[in-house]
Amino acid sequence: MVESSDPVWLVLDGYEDEPAAFGVPPYIGFHVRYVCGVLESKGIPYTYMTVDQLRRQQGRDPEATARALSTHLGVVCVAGAVVPGKYVRGTPISLNETQRLLSTLPRGMPVLMGVCAIRGWRQQGWQPVRPNLFLAVQDTDATLAHYLETGEWKHQRRTAAQWTAWAHAGAGSLAVAHHPDRGTDGRPGPLTYEVEVYQGCVRYKRGCKFCIEPKKGVPLWRTPEDIIEEVRLAHDAGVRHVRLGGMTDTYTYMAEGVRELEYPIPNPEPLAALLHGLRDDERLDLLHTDNGNPSIIAEHLEPAEAITKTLVETLSDGAVLSFGLESADPSVHEANWLNCDPGQLKEAIRLINKHGRVRGERGLPKLLPGLNFIAGLNGETEATYRMNMDLLRDLRSEGLWLRRINIRQVEGDGFQDVPSEAFAAFKHGCRTEIDTPLLHELFPLGTVLRQVHWETHDGRTRLPVHETEAHTSPSVHGRGGITFGRQLGAYPILVGVEYKIPLETQSDIIVTGHGARSITGVEVGLDPLSITQKQLEAIPGIGKKTAWRLVSDRANMLSKGNDLDLEHWLEGANVPSTDSVSHIFG
Ligand code: SF4
């Protein structure tokens, strides 16, 4: 780690958010680490700051923040979401914030901005004029390295050797060591390390028309050894949780026949070597992966089944393989050169369900498919949405499980208008007819979910105040309010508990109810001697009155010098002795 008290470079993490590149906390993205890796490799001192840390400093004292920013030798900003959505734990830097940042920095200071939001904003016509500012459209890390070596800004791509060198150097960089979610050795945080496994898509010759991956050409793989070494270095820096990202399809990692075949043949060995190799390091806790291509799975069921078994064996439970169907309409499929048809999709979903539904240690199905639809593709009609809905009904009638149905609306050049009524009806049908019953099946009442990480109070967005003692101290436990949290990993369900739990801690819960896209729960293992009235009220079947009765009965028993007999205490207030109740007081 390169640090210094003299003026240094600043790496500002504006958070990356792409389906195959997670970088919004608790994730630490790979592009920002590669940038730090360049500085580490060259021995150039720098600091790392997240956009949330910058927002906080600006909120406290904008002038002092501007003065502090102006002392840097240069700034590299990684911006990764063209239009930031809704987030629980951190929001990517917006275009407005980026412009404000530029106006704060001294004229002439070298500023490099990169990663996908910069490309997107440029395409939308954003053209900031300022000396010594460079907007990278290729690899930000390689562009920075070139500038540091020559003093000249030029679009650059990294070589394979640089990829490895910067990935390894970035693994132990300040982006990890100083990341707010790393926590401390005594109190580890939820930091999850996103790894880039490969680049590109095997459909590079004739890929989905809306997608940029085919433009990257023949996929570039990293070897299992290279990735395992990077993760080993990350563990040395304190990382415990890892997601294998940067994969357009987990099943075609190092596949055979990528140049010749329309459906390259999955190759189970390299992926097994990678996953088992990562698991051999006992410091690894959570391990999740990325997307899957249903057409590849369906066309090669035998090797795909071997890969699926390895995934179930090595990944942490709750893993999701997102499948990009995009549309069930054959005309849309043809017009946009889409990746898979409904028949292939069903085959793939059946295979994942066959092996992945078993529950793991944290209470979640081990591996489930997710499903992506896109609205706005050329050729869509109202009938498209009926076909999409019919497909979902078919999947339900077969009893197949999907963890997450993502419906994304796209607009602009290359897309068409969406038939709004049919689209709205599809979205509504999907949420009520499909998502709701699935939620009840995936998270049945009474299920125990382990290691929920508590993130916010009284709202679903984490605020600066949530980091203060008033929200993190053990003394808040059981007070009135609502706590929201999630298990670590990809696409976790939001859990709400109707009392306060100290934030940035973890506990196990029992599922007590279902919301539209969230669940409610109560912690298990609560102590009858200290459980508060609010905690009692959160238990199904115990209303305000009963909770008050329990609290006063307990006070009476204890004041008379009696021990608290749990059964007698609950019976006295007519609380039924259910499995849930015994778990809660377990
Ligand atoms: S399958 Fe289609 S959407 Fe997926 S990465 Fe390849 S080209 Fe892009």
Side-chain angles (χ1 to χ4, degrees), residues 16-22 30 80 82 116 119-120 123 194 196-222 243-266 271 289-300 304 307 320-349 352 369-380 384 388 404-415 490-491:
E16 180 161 22
D17 182 26
E18 288 284 294
F22 284 9
F30 46 79
V82 177
C116 59
R119 283 193 292 269
Q123 274 162 14
E194 178 85 347
E196 188 174 31
V197 177
Y198 72 83
Q199 286 182 356
C201 171
V202 295
R203 303 190 71 230
Y204 68 98
K205 288 184 199 152
R206 194 174 185 270
C208 310
K209 278 191 183 168
F210 63 86
C211 179
I212 59 157
E213 290 297 328
K215 295 195 179 79
K216 298 181 183 168
V218 185
L220 298 172
W221 323 114
R222 294 178 67 199
R243 192 185 91 122
L244 299 178
M247 286 196 279
T248 47
D249 172 25
T250 303
Y251 288 76
T252 39
Y253 172 56
M254 292 191 149
E256 291 164 23
V258 167
R259 287 171 190 268
E260 308 84 43
L261 302 174
E262 184 184 352
Y263 297 109
I265 306 164
L271 193 69
T289 186
D290 206 333
N291 306 295
N293 181 334
S295 64
I296 297 282
I297 295 173
E299 296 301 316
H300 300 291
I307 288 179
V320 179
L321 277 171
S322 294
F323 286 164
L325 172 75
E326 327 306 359
S327 174
D329 183 341
S331 327
V332 178
H333 181 92
E334 216 177 298
N336 297 278
W337 302 350
L338 295 183
N339 151 52
C340 95
D341 62 42
Q344 292 169 322
L345 177 83
K346 281 185 203 166
E347 284 282 3
I349 290 180
I352 309 302
L371 185 51
N372 299 336
F373 288 99
I374 296 185
L377 293 176
N378 289 322
E380 270 178 27
T384 305
N388 288 349
R404 173 177 178 267
I405 302 169
N406 184 37
I407 304 169
R408 184 162 67 101
Q409 186 171 357
V410 288
E411 43 196 33
D413 285 353
F415 300 107
Y491 311 115

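Both backbone and side-chain heavy atoms feed into the values below; hydrogens, waters and symmetry mates do not. Note that ligands are numbered from 1 as they come in the structure, with each ligand's atoms numbered from 1 the same way.
- Excluding waters, the count of protein N/O/S atoms less than 2.8 Å from atom 6 (Fe) of ligand 1 comes to 1.
- Side-chain atoms of Q344 come within 3.5 Å of backbone N or O of D341 as a donor-acceptor pair.
- Summarising the geometry, atom SG belonging to C201 is positioned 10.0 Å from atom CG belonging to N291; distances are rounded to the nearest 0.5 Å.
- For atom 4 (Fe) of ligand 1, no protein non-hydrogen atom is found at a distance below 4.0 Å.
- Partners of F210 by ring-ring contact (aromatic ring centres under 6.0 Å, His included), not counting sequence neighbours: none found.
- Partners of D329 according to the salt bridge (charged side-chain N to carboxylate O under 4.0 Å, His left out) rule, which considers only residues two or more places apart in sequence or in another chain, do not exist here.
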Please test V218 against R259 for side chain to side chain contact (heavy atoms under 4.5 Å, CB included), starting from the C-alpha separation and ending with a verdict.
CA-CA 7 Å; V218 185; R259 287 171 190 268; 3.8 Å; yes
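- Partners of Y251 under the ring-ring contact (aromatic ring centres under 6.0 Å, His included) rule, at least two apart in sequence or in another chain, do not exist in this structure.
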